[in-house]
Amino acid sequence: MSEQRHKFLYRGKNLDELRRMSMKQFMELLPSRQRRSLKRGMPRRQKKFLRKLKKAKKAAKDGREVVVRTHNRDMIIFPEFIGLTIAVHNGLEFIPVKITPEHIGHYLGEYSPTNKKVTHGNPGVGATRSSQFVPLK
């Protein structure tokens with residue numbers, strides 16, 4: 001049996017084609033919510049974040065691993081981000097996210113959950129009024 005390697009495609013386009021596209025062409029491939037937000041223009045904080053990512057990309061070519069920290073949870077992931085590590089704030093800490101081709105078109109905040117599963121401890125002596133009457137051994 002010949003093992004075939006899975007080739008990444010986003011809406012029928014491979015990674016090289018996505019990187020060569022203009023922003024306008026790439027926007028047409030995105031889902032409607034992302035496309036509409038990009039048509040309205042990027043806020044200044046997102047443009048500043050893109051400049052930081054370009055510097056990190058240059059540093060990655062030099063062999064240094066740079067983690068870019070951000071609070072921009074509403075930033076859409078573009079093909080240029082692939083291979084970078086972005087630390088996304090979840091309200092308490094920065095969660096590092098390694099960007100892969102499968103992340104294209106999603107928001108950064110989707111990969112940094114803001115809440116944890118609630119796990120309750122076991123009640124001890126004195127935890128409630130009824131535990132007063134539990135005989136101690």
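Computed from a prediction, not measured in an experiment: that's the story for all the values here. The analysis underlying the following values was restricted to heavy atoms, covering all of them including side chains, and did not include hydrogens, waters or symmetry mates.
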Side chains of residues 66-87: which donor-acceptor pairs under 3.5 Å do they make with residues two or more places apart or in other chains?
unit_1	atom_1	unit_2	atom_2	d
Thr70	OG1	Asn72	N	2.9
Asn72	OD1	Arg45	NH1	2.8
Asn72	ND2	Arg45	O	3.4
Arg73	NH1	His89	O	2.9
Arg73	NH1	Ser112	O	3.0
Arg73	NH2	Gly109	O	3.0
Arg73	NH2	Ser112	O	3.0
Asp74	OD1	Arg45	NH1	3.1
Asp74	OD1	Gln46	NE2	3.3
Asp74	OD2	Arg45	NH2	2.9
Thr85	OG1	Glu65	OE2	3.1

Donor-acceptor pairs under 3.5 Å, side chain of residues 26-37 to any protein atom, not counting sequence neighbours: which ones?
unit_1	atom_1	unit_2	atom_2	d
Gln34	NE2	Gly105	O	2.7
Arg35	NH1	Leu30	O	2.6
Ser37	OG	Gln34	O	3.3

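Criterion: ILVMFWY side-chain heavy atoms under 4.5 Å apart, direct or through other members. Under it, Tyr111 and Ile95 are not part of a common hydrophobic cluster. Under the 4.5 Å side-chain heavy-atom criterion for ILVMFWY residues, no single connected hydrophobic cluster contains both Val88 and Phe94. Both Met42 and Leu53 sit in one connected hydrophobic cluster of ILVMFWY residues. Membership requires side-chain heavy atoms under 4.5 Å apart, directly or through other members. A continuous path of Ile, Leu, Val, Met, Phe, Trp and Tyr side chains, each step under 4.5 Å between heavy atoms, connects Leu18 with Leu38, placing both in one hydrophobic cluster. Met21 and Ile104 fall within the same hydrophobic cluster, defined by Ile, Leu, Val, Met, Phe, Trp and Tyr side-chain heavy atoms under 4.5 Å apart, directly or through other members.
Summarising the geometry, atom OG1 belonging to Thr119 is positioned 6.5 Å from atom NZ belonging to Lys117; distances are rounded to the nearest 0.5 Å. Note that the CG atom of Leu9 and the CD atom of Glu17 stand 8.5 Å from one another [nearest 0.5 Å].
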*Checking side-chain contact (heavy atoms from CB on, under 4.5 Å) for the pair Lys47/Arg44: CA distance, chi angles, key distance, verdict?*
CA-CA 5 Å; Lys47 290 178 184 174; Arg44 192 176 336 157; 5.5 Å; no

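Within 6.0 Å of NZ on Lys13 lie no more than 12 heavy atoms contributed by other residues, nucleotides or ligands. Shown here is Lys58, whose NZ atom has no more than 12 heavy atoms of other residues, nucleotides or ligands within 6.0 Å.
Asp62 places no side-chain N or O within 3.5 Å of a backbone atom of Arg64 that could act as its donor or acceptor partner.
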